[in-house]
Amino acid sequence: MSRLRAALVVHYHEISLKRGNRPVFLRHLARNLERAVADLGPLRAERRPGRIVLDLGDHPAPEAVAERAARVFGVASVALAWRTSSTLDAMKAVIGRLVEGRAFASFRISARRAFKTYPMTSVELNRALGAFVLERVATRVDLERPEMEIAVEVLPDETFVSLGRRPGPGGLPVGASGTVAALLSGGIDSPVAAWRMMKRGCRVLFVHFHSVPYLPATSQAKARALAERLTAWQYDGALYLVPFGEIQREVVLSVPGPARVVVYRRLMVRIAEALGRARGALALATGESLGQVASQTLANLARIGEAATLPILRPLIGMDKLEITAEAQRIGTYEISIEPDADCCTLFVPRHPATWMSAEEVQAAEARLDVPGLVAAGVEGATLETFAFPPSLAVPAAPPA
Ligand code: ATP
Ligand code: MG
C-alpha cells in the first residue's frame, strides 16, 4: 500500500470574513503561516476551499509545524491530516491504517463536505465510515464525548482525514489590518496592548522613549527584549529608541509640576506619530487603561488624544490590572516587564500630577515650550533596531547597565 501523504490543515473562522476582506485575509494568513514555519524547512501554503493546507511531504518535524501554525493569528484550529482521494474506498483505506493497532473505548467520525454535490451526505459518510471502524476495532460510537474523533473533510478533488485538532489563537492575520505605532514602555501594560493590536491583524511598529544618559539603559534593554518576544507573533519587528531625557529637562525648566505628565505624553504622541507615519502607520496604540493612574483619567486621555492627528487606540482601556497581568503572563511578556528598571516616566515626575487638565491649561503649559523643536529633536535622535523571526523565545532582560 502506498505511503500516507501528510498535510497540515489550517482552519479559520470563515463566517467572520466579509467577502471583500477575504482575499487580503487569506493572502496574509498564507504568508504568515509560511514565515512561521520557514526555519523548520520551507513549506508552501496552498489555498483550498475554506482552509489552507501545508503539504508536509517528508517533513522531519510535523508536530513542530503544527505547534507553530497553532500560534499564527487568524488561525481557528490546525490538524495534522492525511490527504487522499475523495472515494469512499480511499477514505476507508486511510482510516484503516490510522486505527490499526490502536485501542480506544469510543470514537466518532465527523465528516464535513466542502461542496454539497458529493454523492453521499455527511450523515451517510459518518455511518459508512463508522461501521467500517466498528468492523476492525472493539469500540463503540460516542457522539458526545468520544475518546477519539476522526475528522473527514471532503473537498471535490481530495479528502483530509485527521485525529484531533488543536485550537489556534483566532484573531486576524498580522498585516491584514495595516500598521500601528505602539508606544512601548518597559511596563506590564503596553506589551499586552501591542499584542492585542497584532491579534486584530495589525503590524506593530514599536516606539520606546528612554532617558539615557539621565537614567541607565535598562529601559532600552527591556523594550528590546519585549519587542523581540512580541516579534514571535508577527515574524519581523522594528523598534525606535527615542532619546527623551533632554526633552524632559526642557519641560521641567518651564512647565509646572502637576502639568508635566500630560505634557510628556503629548510630546511622546507627536514624536511616535511622526516616526509611525513615515512607516505607513494609520494609528497609534498605548497601554492606557481608564483610571489606572493620574495620567489616565478621561480628561487627561482627551488632552493626550488632542495632540495626535492619528487615532490613538487603547486596547486595554476597559481592563483592570489583574486581567492585564494575567494576559502578560500568558503571552510571555510579564517576566520581562517586571525586571527592575528606571522608566523615563519616573524621571522628573511630580508627586501629584494633575488628574483633570483642561485644554486651556495644556495650551498655557505648552506655550512656554518650542514644541515643534522638541518633536524634531526626538524624531532626529531616534535610532532604529530590527528583529527577525524566529527570535529566541527566552530572551532574558539585560542586567542593569
Ligand atoms: P505601562 O505598564 O505600559 O508602562 P503604565 O501603567 O505605566 O503603562 P503610564 O506610565 O501612564 O502607564 O503610560 C501609559 C502609556 O504610555 C503606556 O502604556 C505606553 O503605551 C506609553 N508610555 C509610557 N512610557 C513610555 C515610554 N517610556 N516609552 C514608550 N511609551 C511609553
Ligand atoms: Mg509604565
Side-chain angles (χ1 to χ4, degrees), residues 180-197 204-212 214-227 230 239-248 251 260-276 281 283-301 303-305 307-308 310 312-317 319-329 331 333-350 353-355 357 378 381-383:
V180 302
L183 281 76
L184 185 72
S185 71
I188 293 172
D189 305 333
S190 46
V192 176
W195 184 86
R196 286 203 157 203
M197 295 316 303
V204 170
L205 169 69
F206 304 103
V207 183
H208 174 72
F209 297 84
H210 65 83
S211 304
V212 174
Y214 298 98
L215 289 175
T218 26
S219 85
Q220 293 182 59
K222 284 176 75 175
R224 197 175 284 128
L226 287 165
L230 289 165
L239 165 69
Y240 276 112
L241 295 167
V242 183
F244 203 61
E246 209 55 62
I247 297 174
Q248 284 181 292
V251 172
R260 281 178 207 155
V261 176
V262 168
V263 170
Y264 291 154
R265 208 64 87 225
R266 284 167 56 93
L267 288 165
M268 284 186 183
V269 158
R270 293 183 180 103
I271 294 167
E273 182 171 277
L275 294 169
L284 302 177
T286 73
E288 287 155 324
S289 146
L290 189 59
Q292 202 188 81
V293 292
S295 57
Q296 298 174 15
T297 61
L298 219 36
N300 286 353
L301 291 177
R303 298 296 87 79
I304 294 166
L310 291 178
I312 302 182
L313 306 178
R314 299 177 167 107
L316 312 186
I317 197 73
M319 293 174 76
D320 58 49
K321 195 75 184 187
L322 284 178
E323 293 171 307
I324 299 169
T325 302
E327 191 149 294
Q329 283 165 334
I331 66 175
T333 53
Y334 181 77
E335 69 239 41
I336 302 170
S337 294
I338 59 171
E339 287 283 313
D341 159 36
D343 183 61
C344 75
C345 295
T346 57
L347 185 67
F348 312 132
V349 166
T355 52
M357 284 190 76
T383 56

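Hydrogens, waters and symmetry mates play no part in the numbers below; they use all other heavy atoms, side chains included. All ligand and atom numbering here is 1-based and tracks the order in the structure.
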Going by the 4.0 angstrom heavy-atom rule, the piece of Gln292 near ligand 1 is side chain
key: Polar proximity ligand 1 side, Met268 side, N/O cut 3.5 Å exclusive   = no
Sorted by chain and number, sequence neighbours left out, salt bridge (charged side-chain N to carboxylate O under 4.0 Å, His left out) with Glu323 holds for none
message = If you apply the rule side-chain contact (heavy atoms from CB on, under 4.5 Å), what do you find for Val192 with Tyr334, and how did you get there?
response = CA-CA 9 Å; Val192 176; Tyr334 181 77; over 6 Å; no
Of Lys321, His208, Lys222, Arg265, the one whose closest heavy atom lies nearest atom 10 (O) of ligand 1 is Arg265
If I apply the N/O under 3.5 Å rule, does Val293 come out as touching ligand 1? no
Per-atom filter on ligand 1: closer than 4.0 angstrom to a heavy atom of Thr286 are 20 (O)
- Query: Are side-chain N/O atoms of Thr355 and Thr297 paired as donor and acceptor at under 3.5 Å?
  - Reply: no
Validation row: Leu226, His208 side chains within 4.5 angstrom (heavy atoms):
no
Quick note on ligand 1: atoms under 4.0 Å from a heavy atom of Val207 include exactly 29 (C)
Q: Kindly indicate, with the supporting measurements, whether the criterion side-chain contact (heavy atoms from CB on, under 4.5 Å) is fulfilled by Ile271 and Ile247.
A: CA-CA 11 Å; Ile271 294 167; Ile247 297 174; 3.9 Å; yes
For Leu183, the atoms of ligand 1 under 4.0 Å from one of its heavy atoms are 19 (C), 20 (O), 21 (C), 29 (C), 30 (N)
Taken in chain and number order and not counting sequence neighbours, the residues that satisfy salt bridge (charged side-chain N to carboxylate O under 4.0 Å, His left out) with Glu273 are none
Minimal heavy-atom distance between Ile324 and Ser289, with the atoms involved, is CD1-CB, 4.2 Å
In ligand 1, the atoms that come under 4.0 Å of a heavy atom of Glu288 are 14 (C), 15 (C), 18 (O)
Answer yes or no: does an N/O atom from Ala285 fall short of 3.5 Å to an N/O atom of ligand 1? no
Indicate yes or no: does an N/O atom of Gly287 lie under 3.5 Å from an N/O atom of ligand 1? yes
- Task: Check whether any N or O atom of Ser190, backbone or side chain, sits under 3.5 Å from an N or O atom of ligand 1, and answer yes or no.
- Result: yes
Of Val192, Asp189, Leu226, the residue with the heavy atom nearest atom 2 (O) of ligand 1 is Asp189
Checklist line | Within-4.5 Å side-chain heavy-atom neighbours: Arg196 and Leu316 | finding: yes
